[in-house]
Every structure is written in structure tokens, then in C-alpha cells.
Protein chains: 2
Amino acid sequence: MQKKTVRSAPMPAYEQIKRHVLAQIESGALRPGDVVPSETELVKEFGVARMTVSRALRELMAEGVLNRVRGSGTYVAPRQYESTVLQIRNIADEIAARGHRHSARVLALEASDDPNAIAALELGTGPVFHSRIVHSEEGEPIQYEDRYVNPEVFPEYLAQDFTAETPNHYMVRLAPIQRAEFRIYAQKPDARVRQYLEMEIGEPCLLLLRRTWVGRHVATSVRLWHPASRFHLAGTV
Amino acid sequence: MQKKTVRSAPMPAYEQIKRHVLAQIESGALRPGDVVPSETELVKEFGVARMTVSRALRELMAEGVLNRVRGSGTYVAPRQYESTVLQIRNIADEIAARGHRHSARVLALEASDDPNAIAALELGTGPVFHSRIVHSEEGEPIQYEDRYVNPEVFPEYLAQDFTAETPNHYMVRLAPIQRAEFRIYAQKPDARVRQYLEMEIGEPCLLLLRRTWVGRHVATSVRLWHPASRFHLAGTV
DNA sequence: AAGTGGTCTAGACCACGAC
DNA sequence: TCGTGGTCTAGACCACTTT
């Protein structure tokens, strides 16, 4: 009963196995519903005891990443369906998780000198970057995104193609978000928002305001309007 | 390497240990900050291997019930109903924090056989307890609370005076909330809610649905309507 | 029958904190 | 130094599903 040779990385074996499986899911090598290698196979692959593999897979199941069925096997879980306030998720991921098609229409992508936006980003002077995008799920508009971006944090923002990648995904990919502040309102949309979201007159919006920090900089300040009939927020504490 | 004698209950040993610790916390025998018996002690008490105790305590830490410090010990975690993001706060406290006066009007306080409520509380049969209360800030209504309560968790609920203490405060005082699930909607209020909240016709509501757990019981399921013009949610991540 | 996951044992080595 | 938790091993028995 001797511990095997020291691993190069100071990371527990079960954690390495978890990351290995997660990486395969993120890369698309493993898709929802796919069979994950069995405990026995992972034992051989990683040269560890079965308890260690078992813990890794059990924790991934507790995290909602995998489903395990005794006698059958381990499967990649379908993605979660409800958006959450607690996590800064990507509208495109949420839509994809529901098995639906996401599309984005870029209404504006420009520099701006709006003093309110400059203040919200806690900058002294402008210009700042500004984008307005309508996100749709299966062709039905579900979010009107009005976003201001700190050029010091994302200098290449205006050069991106936000029909291919959402601003949120782009920013998360480039910089780790360290803090976020949000406010949630029920609000009647103005005429422009109502039209872009194809809403009935009188239907309210669920409005989410969010500012996120990267280091000491306010990276972005965004207002997200959602038609009340087609969207809600959810989460657990 | 023989498995020990068959347990009377068909429940894993680690699960029994978890329930034992949770029961002590719920009964008040263990309070936040208290030291939980060490792995070695629990190994002796339950006659199991250390890995089994370790798993039980590790899972309770993952659930936020315990804190574990290597070299020091295992401790009961502080109650978290105010530390997290969408805080499970008391409307009366929030109003008091603004230096304002809170008042409550109890519209109903009764037993109910509503099958939806019974299902929401994950009970087999009713009756369950039901209350409807309008909360006001400086005399201005700010929240319409429609709450169902699990009688197994709060048997004395109907005997309380909720003009003096809010249901939320009463429940938090009696039992530690361990988990909460919420959903947030923008919604047009029905006529009754609109009237009690003294809202203009056409003004939307911010509707917060929340279920909270005490141990393995759904303790309460509540719908909170707020006039959009006078209320919003906020938090940080 | 063979393979899967679920649980458990009785040890072990280690990093860390309190004393 | 001693006790604590963190991880790991190399087996084992079991319930269950698939073939």
C-alpha cells in the first residue's frame, strides 16, 4: 500500500481526472448524452485506484455535469436550462443548452462619449465602446443588450464580429471577471426596445443591469431587457 | 477486509453520519462555530473506516453546512441567509436599514388544502399553512407576500402575530435555512394584488418566487409581488 | 455472465495548525 | 510533537443493467 510516484503538478488525482473529463466536454469531444469512459477504463488510463476515479465522477455528477446509472454507465448530462443570476452566463450558451438556435443582430458597434456611460465605467474621459445587440432564440427575440465597454480592458472590442460570438463570451475569454454587481427591475420598455423585442404593448420587461470588474477596472456596464413572457431568472443559494 | 454487519436501515453509512450531524445542528446541540467531532472520533462512534466519515463530512462542507480546516478541525458553518448573493433578507430589516417604518397587514392566516401548494412543499397530503400579508414602508405598500408553510417544520405557524414579526424572521429564528431556490419574473399583477399594492393600472410587478429548505424538508414556498416603481433587487457576485 | 456503478475497509503518507 | 483533515491504495461485496 504505497503511494505512487509524485505527480508533476501539485493537483490531486481526482481533480486531474475531473478536469480531463470537463476539458473533453468543453472541446466537444464529449457531447450531452455521450457515454463517458467507465471507472475501470479511467483507472487504467490514469493509473489510480478505483476510489479515486469514483470520487472524480461522483463530484461531477453532484455538479450536474454527468449522470451516472448503476449497471449502465456514466453519461454527459444535458445542459441546465434555467439562467441564473448568480453566475454570469452567456445567453448563447443558455439557448444552446435548451437545444435551440441562437442568433444575434448587431444594431450598433461604435465609440461613444455618453457621460453617463463614462461615469458607469468609472473613467475620467471617453470615448468608451458601445454596442447594441438583439439576441434571438429560434428566431424569436429574447434579449436586447445595451452594453458599454472599457477600452482599457478590451481595446479590440470594436473589431469583433458579435454575430459569431457574444460580447459576454468574448470578454470572458479574454479576461477573468472578478466581481459583478447587478440590479433587477420590472420595467415597461420604451418604444424602441419593445419593437426590437417584438413585444405586445403593455407587456413588461425583466431588466437586468450589471457591471463587472476585471482587476480594479470596471470592464463593462450592460443593460439587458427581456420580454417578461419569454424569460425569467432562476438560481439557488 | 470484510464488510461489517448489515445495518438495520438500507442507508449508506456516510449518509447516516451526515444525517446524524445535521440532526445535531437542527436540534441546536451543535451551533454555528461549534467544533464537530473529529474524523477519528466519528470513526470510533460509528465503527466505520475513516474514508467513510471523511466522505460524509466532505459532502456536508460542499453543501455549506460545515467548514473544515486542515490541522485544526471541523466547524459548523455560520448561517448563510444574509451572506449570499440574492440575500434571503427580511423586508422589515431592509426597510429599517433605510431608516423607515415597517408595517404589516395580515390578510389571511389559515390552513389550506391547495394541491399546488402541497406539491410545492413536496408533501403527500395537506393541510399546509397559508398566509397572505401586505408589507408597507412608511405606510406605502411595497410587498404582497403569499406564503405556504410546511406544518412539519413550523407547527406553531398559525399562532404567530405577523404584524409584530415577519414570517421570514420567525422562520429564520426557529430553523436554519440551508438551501433556497428562486425564480424572478416581471409580471402584470392581477386585480387583487394591484389593489393591495395601490398600483397604477399597467404598472408591472417584480415577482420573486422562492422555496427554502430546512434539512431535507421544503420549509416554505412563497410568492412575493413588488410594485416595479418602488422596488428592485440588487446584489454582488 | 459480464460489466457497470455504489459503497466500504484498513491501512498509508502528507500538509498543516496548535501547543 | 501531536492531532487534524486531504488524499490515495488495492482490494472487496453488492445491486443493477445489458447482453
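Side chains are part of it too, since the values below use all heavy atoms of this structure and drop only hydrogens, waters and symmetry mates. Letters A, B, ... mirror the listed sequences (proteins, then strands); counts begin at 1.
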Atom CD of A/E15 and atom P of D/dC8 are separated, to the nearest Å, by 10 Å
| said: Salt bridge or not between B/R68 and B/E39? Use side-chain N to carboxylate O under 4.0 Å. | reply: yes
Looking at A/F162 versus A/Y157, is the centre-to-centre ring distance below 6.0 Å? yes
Indicate, yes or no, whether a donor-acceptor pair under 3.5 Å links the base of D/dG6 to the side chain of A/R55. no
ask   = Salt bridge or not for B/E145 and B/R132, using N-O below 4.0 Å?
value = no
Considering only heavy side-chain atoms of B/S38, the closest of C/dC8, D/dT18, D/dT4 is D/dT4
Less than 6.0 angstrom separating the ring centers of A/Y144 and A/H226, yes or no? no
To the nearest angstrom, the CZ-P distance between A/R58 and C/dT4 comes to 18 Å
With the side chain defined as heavy atoms from C-beta on, B/M61 is closest, among D/dC13, C/dA10, D/dG6, to D/dG6
Taken to the nearest whole Å, CD/A/E39 to P/C/dG5 is 5 Å
Of C/dC8, D/dA10, C/dG17, the nucleotide closest to the side chain of B/T52 is C/dC8
Here the distance between atom C1' of C/dG5 and atom CG of A/L60, to the nearest Å, is 15 Å
Side-chain contact check for A/T40: nearest option of C/dT4, C/dC8, D/dT7 is C/dT4
Among D/dT18, D/dT9, C/dT7, the one nearest any side-chain atom of A/V48 is D/dT9
Separation of C/dT4 atom C1' from A/N67 atom CG, nearest Å, is 15 Å
Atom CD of A/E59 and atom P of C/dG5 are separated, to the nearest Å, by 16 Å
d(B/H130 NE2, B/L109 CG) to nearest 0.5 Å is 9.5 Å
Phosphate OP1/OP2 of C/dC8: any B/Y14 side-chain N/O under 4.0 Å: no
Of the candidates C/dT9, D/dG6, C/dT7, the side chain of B/R70 sits closest to D/dG6
From CG of B/L42 across to C1' of C/dC8 the rounded distance in Å is 16 Å
Here the distance between atom P of C/dC8 and atom CE of A/M51, to the nearest Å, is 9 Å
Closest to the 5' end of DNA chain C, once A/S54 and B/R50 are matched to their nearest nucleotides, is A/S54
Query raised in the report: So does A/T74 get a side-chain nitrogen or oxygen closer than 4.0 Å to the phosphate oxygens (OP1/OP2) of C/dG5?
Result: yes
